[in-house]
Amino acid sequence: MGVGGSYMTRTAQFYLVVVMAGSLCLDVRAGKSVSAKERPTPLVICDACKIILIPPHGTNRSDLELLTIQQKIKKSSTPGPLIEQLGWLFVSKARSGNDAGYYNLVEQTALCLEAQQPESSGALLLRGHSLQSMHKFKEAEPIARKLVEKRGASFDYGLLGDILIDRGQMLEGIEAYQKMIELRPDLHSYTRAAHARWLKGDVEGAEELISMATSAGSSRDAEATAWSYTRRAAYELQLGHLSESLRAANVALQLQPDYAAALFFKGRIQIAQGQTNDAIASLTHAVKLTRLPEYQWLISDLLNLSGKKSEAGAVELELSKHGAQEDPRTLALYLATRRTNSEVAVKLAERELTQRADIFTHDALAWALHSAGKFTEAREQSKLALREGTEDARLFFHAAVIAQSDKDPKAALAYSKRATAIQQMLFPSEQKQLAELNGRVVGAQSQAKIKTSESK
């Protein structure tokens, strides 16, 4: 996710002023500074509280919601629940706009809430969620475990499951999701359970559960419901249900206009339908909203295919410039697929693995090692990436290429067939390389049959 944006720039500047201003507490309702001893209200104003009460500069619906809650906090004699609500609005802003800068505000909200309610479980959940979303999994895990032990609410188990799965502890993560769904079978738990099923290779089961999630959603929880519809679009696309997939993406966009994740998947569906120009329009819109490397990679593929080399080059320059900050794992995959800067790709993937040891990070490292010509090490990492039985075209494509380079044509053929069966999930540049691999594998098979025949 993108860090920064104009809102966070303004917040960061204000934060420096606040820190330098000293330790006075501010009575926001009276509009004057007083000492902590003289404060006439229960609203404890620390630096973190000052930061989260800065009015947003935008005027869209979510900005107006933020402003309304901020004003209520300033007037409330019991601001704790409102501060917690503000934190989750920041989460929604981060997710809907793919702007991780808002997670810094989520963390500040947790600090503010703790100032009002020491040892607050709500503050712990906000902090754990912000750390997990910023990929600080090692720091987030003890917070999630403390929450589960202390309170054991549905979202506590959800947070723990998210962290454990990102850290590669699949079994324990799925157990946490199971506990979450037992405590509260709803949009959030169904969506996580669907993801767990997909990770274990049950795409049909994932589609069934995500249908339950979208049925449980509503416009009152628009961002989360839009995310569930986006995941539904992905599962339907993998199953080859293009009309259903497009319908799900469009529903997500009705719930959340300018929702980058839904625009991204809509573009992927349009590619599968052969609608290249429509796909470019959808993806161009998505890239304007966020500079996630995955989005930039896909639009650059399409622009190159359409002969728009200069436009593609501009996007690729941005990807290379900001990719390591935004999403180092995807940048590693991109560099390895482009067969350039292999050593950089390896370093990025290795560094990511120290925090995020899931199957997709092992796959990124495998692909980077293969790009660097380290075929034996790549094969070892590829096996780790395949260990859960996930039905993922990119995993299979990489495994096939790596097996071929490691002189295992039988495995290469098996994995290439599995990748080809769901190749609509690959980017155009990957599909091209898969087609080239299939040509080599088939050619090698034919040569082997000729030699066998001649020997007889």
Rounded to the nearest 0.5 Å, how far apart are CG of N60 and CD of E65?
9.0 Å
How about R127 and Q108: does a side-chain donor come under 3.5 Å of a side-chain acceptor?
no
In terms of side-chain heavy atoms, does D278 have a donor or acceptor partner in Q273 at a distance below 3.5 Å?
no
Heavy atoms from other residues, nucleotides or ligands near NZ of K200 exceed 12 (cutoff 6.0 Å):
yes
Worked check of salt bridge (Lys or Arg N to Asp or Glu O under 4.0 Å) between K93 and E223
CA-CA 9 Å; K93 288 282 285 186; E223 191 283 324; over 6 Å; no
Show the nearest heavy-atom pair for residues L263 and A286, with the distance to one decimal.
CB-CB, 3.9 Å
Relative to the ring of F264, is the ring of F427 parallel (under 30°), tilted (30 to 60°) or perpendicular (over 60°)?
perpendicular
Taking side chain as C-beta onward, heavy atoms only, is F265 less than 4.5 Å from R231?
yes
Inspect the surroundings of CZ in R145 and state if more than 12 heavy atoms from other residues, nucleotides or ligands are less than 6.0 Å away.
yes
Give a yes-or-no answer on whether the side chains of R232 and T214 include a donor-acceptor pair shorter than 3.5 Å.
yes
Residue pair S300 / R338, side-chain donor-acceptor N/O under 3.5 Å
yes
Measuring from atom OG of S228 to atom CE of M212, what distance do you get when rounded to the nearest 0.5 angstrom?
12.0 Å
Taking R418 first and then E391, would you say they form a salt bridge - that is, a charged N and a carboxylate O separated by under 4.0 Å?
yes
Can we call the ring centroids of F360 and W367 under 6.0 Å apart?
no
Is there a side-chain contact between T276 and I271 (heavy atoms, below 4.5 Å)?
no
Would the number of heavy atoms belonging to other residues, nucleotides or ligands and lying under 6.0 Å from OH of Y415 be above 12?
no
Hey, are D162 and R192 close enough for a salt bridge, meaning a charged N less than 4.0 Å from a carboxylate O?
yes
Determine whether a donor-acceptor pair (N or O, by modelled atom type, separation under 3.5 Å) exists between the side chain of D186 and the backbone of S189.
yes
Atom CG of N438 and atom CG of L434: how far apart are they, to the nearest 0.5 Å?
4.5 Å
Determine, for K374 against D406, whether the closest basic-nitrogen to carboxylate-oxygen distance falls under 4.0 angstrom.
no
Whether the T337 and E430 side chains hold a donor-acceptor pair (N or O, under 3.5 Å, no angle test) is what I'd like checked.
no
May I ask you to decide if the ring planes of W297 and Y334 are parallel, tilted or perpendicular, using 30° and 60° as cut-offs?
perpendicular
Heavy-atom distance under 4.5 Å between the side chains of L348 and L335, does that happen here?
yes
For the pair E377 (side chain) and L369 (backbone), establish whether a donor and an acceptor sit closer than 3.5 Å, ignoring hydrogens and angles.
no
Using a strict 4.0 Å threshold on nitrogen-to-oxygen distance, state whether E236 and R247 make a salt bridge.
no
Quick check on the 6.0 Å ring-centre criterion: do Y190 and H188 meet it?
no
Do Q178 and E182 have side-chain atoms, one donor and one acceptor, less than 3.5 Å apart?
yes
State, without any angle test, whether Q132 and D166 hold a side-chain donor-acceptor pair at a distance under 3.5 Å.
yes
Please determine, by modelled atom types, if Q355 and H135 share a side-chain donor-acceptor pair under 3.5 angstrom.
no
